[in-house]
Amino acid sequence: MRQQKEEPALDLSRLPTYGFGAQMTMWWGTLGFVVLEATGFALAAMAYLYLATQNTQWPLSAPPPDLLWSSLVTASLLLSVWPNHLAKTNARNEDLPKVRRDLLIMCVAGLAPLVLRAFEFTTLNVRWDDNAYGSIVWIVLGLHTVHLLTDVIDTFVLTALMFTRHGHGKRFSDVEDNAVYWDFVVGSWLPIYLLLYGFPRIWAP
Amino acid sequence: MNEMRIAPTCPDRRDTDLAGEALRAQLAKTWGTHRGLIGALSTVDHKTIGRRYIITAFIFLFLGGISAIVMRLQLARPESGLVGPDLYNQLFTMHGTTMMFLFAVPVMEAFAVYLVPLMVGTRNIAFPRLNAFSYWVYLFGGILLWAAFMLNIGADAGWFSYVPLAGPEHSPGKRVDIWAQMITFTEISALAVAVEIIVTVFKQRAPGMSLDRIPLFVWAMLVTSFMIIFAMPAVMLSSTMLILDRLVGTHFFNPAEGGNALLWQHLFWFFGHPEVYIIFLPATGMVSAIIATFARRQVFGYLTLVLALIATSVLSFGLWVHHMFTTGLPQVGASFFTASSMMIAIPSGLQIFCWIATLWDGRPVIRTPLLFVFGFFFIFVAGGLTGIMLASVPIDTQVHDTYFVVAHFHYVLIGGAVFPLLGAVYYWYPKITGRMMSERLGRWNFWLAFIGFNLAFFPMHILGLQGMPRRVYTYQPEMGWTNLNLLATGGALILFASFVLFLWNVLRSVRRGELAGDNPWDAGTLEWATSSPPPPHNFDRIPVVSHREPLWAQPGPQRVAVGLAIDRRELVVSALVDATPQIRETSPDPSIWPLVAALLTGITFIGSIFTPWAVVWGSPLVGAALIAWFWPKGSAEDEA
């Protein structure tokens, strides 16, 4: 049993019970997962480039993937950045009605690229089991789709939460973190889009 | 929707409202684990989970050790019939896989899970439910691997599962799939713990513990966690590609369809070489902690040691190709990786010199933990020297895949990680259990381990130079390898005996060890500022830190921070650099959902070995469990 005397040197009682951004542990946790997932994307992209350089033909026995649906996905993701930004700002201001509105918009803005992505998969012009090119295209796109889907589900759950009695206090901070993660989903797509759709059109092995 | 808030109408109770035993009892009630089986399975106490992690990892150590002993018995004499080639393949795969994925990395993270929150002066790890989840996922991954082995479908393509051997054509059946999914389990677990540790260190340090006052073990775990974040995705990606090649007909590694077998090696070793340092750096943190305490002075060259940790971590990502020197690399590539492989000896050397200087200037008290550190010096430096040799392409080409390499990496891994780890067990055991381990048995343990280790592994250098290849289940008498192999087996048995003695010491000391008290070694860091074992809330009041070794520098009354809630789990979140308090944040209460989520994750992964559709029906179940986990249930922690 400890006998050592204690001397109060600091009063924490007036500190807030939640904050935003880098003050919060959850923000750092989200960032940690963003970094490790970004590493996964980067390594998958390196694998793509490695396979491209190891083959005398690229894409292998297939035309490059079609631009229509993928570009629509890209456009819808870019459009979602604005309501996402609003959600972040309104969450910081703890403006519940606006946060609810923004989250509803983000649910739609998340579903749109997901639906378009389903069509995108049909116009890759290659199957995953055709050859190594098909395999790497499908895994890179699949990896991004998993992230997209995860954040859309997260947004739905959070939206439901903000419409209940739990929608106060630190939940606003959760809305902000969710928006940060969505930025990552959009931000990680742009280099992948260039890799999958741009690279095979300019690369001459 | 009813908008009723459950926010309390009267102000919550703070730690200023109670004192002494009453405060301690209230905090223990708030932070405690519930009774009964469900309570035990729902716990989010980092100490309970850390203890489970440590014990589980040591069970895997013994399983890996037994598989090694069986191999050594088989190799003790030429043309032995004890073990056939198929079982031998499984044994060396199980040994390597278990030691790397189920023992070495998890045990280091396990110690961090237990110690880091105590050392930085907080009440629980960041994301405690994720911590519980990561333990369960790790446990299920380990059980999967070993249950499969018991059913004679153990992995058999080596711990690095090279393609094309591990591919669908040359390894039909489920053995490699089980290996690949075990990777997914353990890496999810390792990555989750890495994020928890980083956030705990960044944001939950006691007020005043600025970056330059963090204990070196915590620095080591912080740097290691970053390495895990950058390294482990590579093996998750590659093992996923492997399992896709095997199950749904992708061609990542199939040269006939544009794939490439070396892609596997690049991805695997991009993880695999940092992995060595992911195991080694925490051990250096343990060494720093032990040396400071037993040399009775602060570690010499704190800043140098921190920079050496960071330098090692960065350089470790530039070495992976030295595992591939015999694959026909462009010469300039080989030269680059030779240079970087030699360069990493520099920060390691700096660390050794700092420790020697600390001992030189201190008044060393030779107790068992320090003995293991001395053993570490000797063995690790010897392993480092053969590492420099192997960095040279011509030498590597000659001894590649021989017992020379086996000797080298056992010197670095056992010397560099297991010896410090055993020292760490002797050092922190009193904190974890409240009792001391036997010093007499400890000395026997050390000398048996030291002698047994060197007898087992030194002859392997010579065997390798004589041309004995790795991973052969037997050899002919005329090869001239018999005597050294017999010697190595004798050494392995002594080494194993040392571990049996260690186990006995651990078990008997739980009940019969001398009572430890708060700080039996008179150490300086915060984990020794609380009782042994610590109460559920770690500290009655959060210490305020103004020195690197707070318990040495602050005699007299301990300076503490007050004002935290005591009726709900609340801890202080502080600024990244200078640790000024920012927020009183609630910490999640116990929940069964992490276990449910881990079980469903396990079912999904194991199902996916048999049908890809398991991912389709398993994912919604996992998702539902995760939603149940996160959805607020109206507890004080949820609503604060």
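Chain identifiers are assigned alphabetically (A, B, ...) following the order of the sequence lines, protein sequences preceding nucleic acid strands; residue numbering begins at 1 within each chain.
- Residue contact with chain A, scored on non-hydrogen atoms closer than 4.5 Å, involves the side chain of B:Phe127 exclusively.
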Step-by-step side chain to side chain contact (heavy atoms under 4.5 Å, CB included) determination, A:Leu60 to B:Glu257: CA-CA 9 Å; A:Leu60 286 170; B:Glu257 293 293 346; over 6 Å; no
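- Expressed to the nearest 0.5 Å, how far CD of A:Gln23 lies from CD of B:Gln582 amounts to 5.0 Å.
- The choice from B:Val248, B:Asn254, B:Leu564 that makes the most heavy-atom pairs within less than 4.5 Å of chain A is B:Val248.
- Considering only heavy atoms from C-beta on, A:Arg171 comes within 4.5 Å of B:Pro632 through its side chain.
- Residues of residues 29-40 of chain A lying under 4.5 angstrom from chain B, judged on non-hydrogen atoms, are A:Gly29, A:Gly32, A:Phe33, A:Val35, A:Leu36, A:Thr39, A:Gly40 by number.
- The interface of residues 173-181 of chain A with chain B, defined by heavy-atom distances below 4.5 Å, is empty.
- Side-chain contact between B:His251 and A:Ser135 is present, with heavy atoms from C-beta onward closer than 4.5 Å.
- Between the OG1 atom of B:Thr250 and the CH2 atom of A:Trp128 there is a distance of 10.5 Å, given to the nearest 0.5 Å.
- Listed for the A:Asn55 side chain is a donor-acceptor partner under 3.5 Å among the backbone atoms of B:Gly258.
- Atom CG of residue A:Leu51 and atom CG of residue B:Asn260 lie 6.5 Å apart, to the nearest 0.5 angstrom.
- For the atom pair CG (B:Asp12) and OG1 (A:Thr17), the distance works out to 9.0 Å, reported to the nearest 0.5 Å.
- With values rounded to the nearest 0.5 angstrom, B:Glu570 atom CD is found 9.0 Å from A:Leu12 atom CG.
- Under the 4.5 Å side-chain criterion, counting only non-hydrogen atoms from C-beta, B:Thr586 is in contact with A:Lys170.
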How far apart are the C-alpha atoms of B:Met241 and A:Ile139, what are their side-chain angles, what is the distance that settles it, and do they pass the side chain to side chain contact (heavy atoms under 4.5 Å, CB included) test? CA-CA 8 Å; B:Met241 287 173 166; A:Ile139 200 173; 3.9 Å; yes
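- With hydrogens and angles left out, the side-chain atoms of B:Gln204 and A:Thr25 include no donor and acceptor closer than 3.5 Å.
- Contacts of B:Arg14 with chain A are made by side-chain atoms alone, with heavy-atom separations under 4.5 Å and no backbone atom involved.
- In this structure, the side chain of B:Arg584 engages the main chain of A:Leu15 through a donor-acceptor pair within 3.5 Å.
- For chain A, the nearby part of B:Leu244 is the side chain; its heavy atoms alone come within less than 4.5 Å.
- Using a 4.5 Å cut-off between heavy atoms, B:Leu262 contacts chain A through both its backbone and its side chain.
- Looking at A:Met24 and B:Glu585, their side chains come closer than 4.5 Å, going by heavy atoms from C-beta outward.
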